[in-house]
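In listed order, ligands and their atoms are each counted from 1.
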Amino acid sequence: MELLKQRIREEGIVLNNRVLKVDGFLNHQIDPQLFKSIGKEIADRYRDAGVQRIVTIEASGIALALMAALELDVPLVFARKKKSILMVDDVYHSVVYSYTKENYDITISKKFLPAGEKVLIIDDFLASGEAAMGLAKLVKDAGDEVVGMAIAIEKSFQPGRERLENAGFRVESLVRIKEFKDNKCVFIED
Ligand code: G4P
């Protein structure tokens, strides 16, 4: 997606050899017009997939997923990150391994994940794929089908995409970063 690449070129900051900072338009301050375009792009890629519900994870996934949910006219539910690892009866839960922070629990209330639906998973970054795998587990536990995953920014030099594809998921990333070079992003061209 050219528009997103352009914003990353203009405003993205390569913090180190692993992390791209985009908090001027995506992770902290949000550009609504850019997000509207992102929502449309995601919706266009999945328009024929019969999506009935979108699932994402707090916090940064929510705004992106909302724009796609508006376009596809489907409900959106986001997984909450919980500190407790106690099982609670009325939620689906999964543990996400974090390379940068502590492992955390994610939960979705069972009443917002009815069985038998086709679900699209959305997130802002794809790095290790841990968060997406955790979301997919929740969706499958609910008896739903994951029709695919949509990611705004994929760091293709990290193992997330390969992991998700090996698990059988369709992965659509709007921007794919091949590497960081001289503090800039080198993109995989579409
Ligand atoms: P994963 O989601 O692919 O498993 O990756 P990882 O465990 O490495 O990511 C942990 C958190 O860091 C996630 O956000 C993820 O979106 C974010 N992240 C990963 N790589 C980058 C990057 O290069 N730049 C930025 N800005 N974020 C990155 P989170 O902790 O859940 O944060 P939030 O959604 O609450 O904002």
Side-chain angles (χ1 to χ4, degrees), residues 1 4-32 34-35 38-39 42 54-69 76-85 93-108 120-140 146 148-188:
M1 184 187 179
L4 183 54
K5 274 188 205 160
Q6 202 180 311
R7 281 303 279 275
I8 294 171
R9 278 191 203 104
E10 287 166 5
E11 292 180 42
I13 297 166
V14 176
L15 271 193
N16 52 43
N17 61 356
R18 281 175 56 126
V19 177
L20 172 69
K21 202 167 158 158
V22 285
D23 60 357
F25 59 93
L26 196 143
N27 280 138
H28 194 9
Q29 176 170 255
I30 287 174
D31 178 337
L34 176 67
F35 272 48
I38 289 174
I42 292 173
I54 289 177
V55 165
T56 187
I57 182 167
E58 65 178 350
S60 301
I62 297 173
L64 288 172
L66 175 63
M67 301 316 279
L76 159 66
V77 59
F78 66 89
R80 292 187 186 278
K81 295 172 182 168
K82 267 179 55 194
K83 287 202 180 81
S84 163
I85 55 160
H93 98 119
S94 174
V95 179
V96 175
Y97 175 78
S98 172
Y99 295 90
T100 45
K101 302 172 189 169
E102 275 179 47
N103 295 354
Y104 56 92
D105 240 33
I106 57 172
T107 57
I108 292 183
L120 171 63
I121 289 175
I122 295 183
D123 207 356
D124 56 343
F125 270 91
L126 176 57
S128 65
E130 271 293 315
M133 288 297 284
L135 290 174
K137 179 187 176 295
L138 295 185
V139 171
K140 286 180 171 177
V146 177
M149 300 180 172
I151 308 288
I153 303 175
E154 170 187 318
K155 291 183 292 179
S156 309
F157 54 87
Q158 289 184 256
R161 169 179 283 267
E162 194 182 354
R163 216 176 138 206
L164 299 178
E165 286 184 340
N166 286 345
F169 298 116
R170 172 181 171 192
V171 180
E172 294 284 341
S173 303
L174 305 193
V175 156
R176 302 181 68 196
I177 299 171
K178 188 174 152 201
E179 60 178 332
F180 296 147
K181 199 173 177 190
D182 302 327
N183 290 324
K184 291 200 164 36
C185 293
V186 179
F187 297 106
I188 295 176

Colleague: Answer whether the closest heavy-atom distance between the side chains of Ile54 and Ile42 falls below 4.5 Å.
Modeller: no
Colleague: For Glu102, does the CD atom sit with more than 12 other heavy atoms under 6.0 Å from it, leaving out its own atoms?
Modeller: no
Colleague: Sort out the contact shell of ligand 1: every protein residue with a heavy-atom distance below 4.0 Å, listed by chain and number.
Modeller: Arg18, Val19, Leu20, Asn27, Glu58, Ala59, Ser60, Lys81, Lys101, Asp124, Phe125, Leu126, Ala127, Ser128, Gly129, Glu130, Ala131, Lys155
Colleague: So that I can tick it off, tell me whether Lys184 and Asp182 are bridged by a salt bridge, with the cut-off set at under 4.0 angstrom between side-chain N and carboxylate O.
Modeller: no
Colleague: What closest approach, in Å, do Lys137 and Ser94 show between heavy atoms, and which atom pair accounts for it?
Modeller: CD-OG, 3.6 Å
Colleague: Hey, are the side chains of Val22 and Leu20 touching, using non-hydrogen atoms and a 4.5 Å cut-off?
Modeller: yes
Colleague: Flag yes if more than 12 heavy atoms outside Glu162 fall under 6.0 Å of its CD atom; otherwise flag no.
Modeller: no
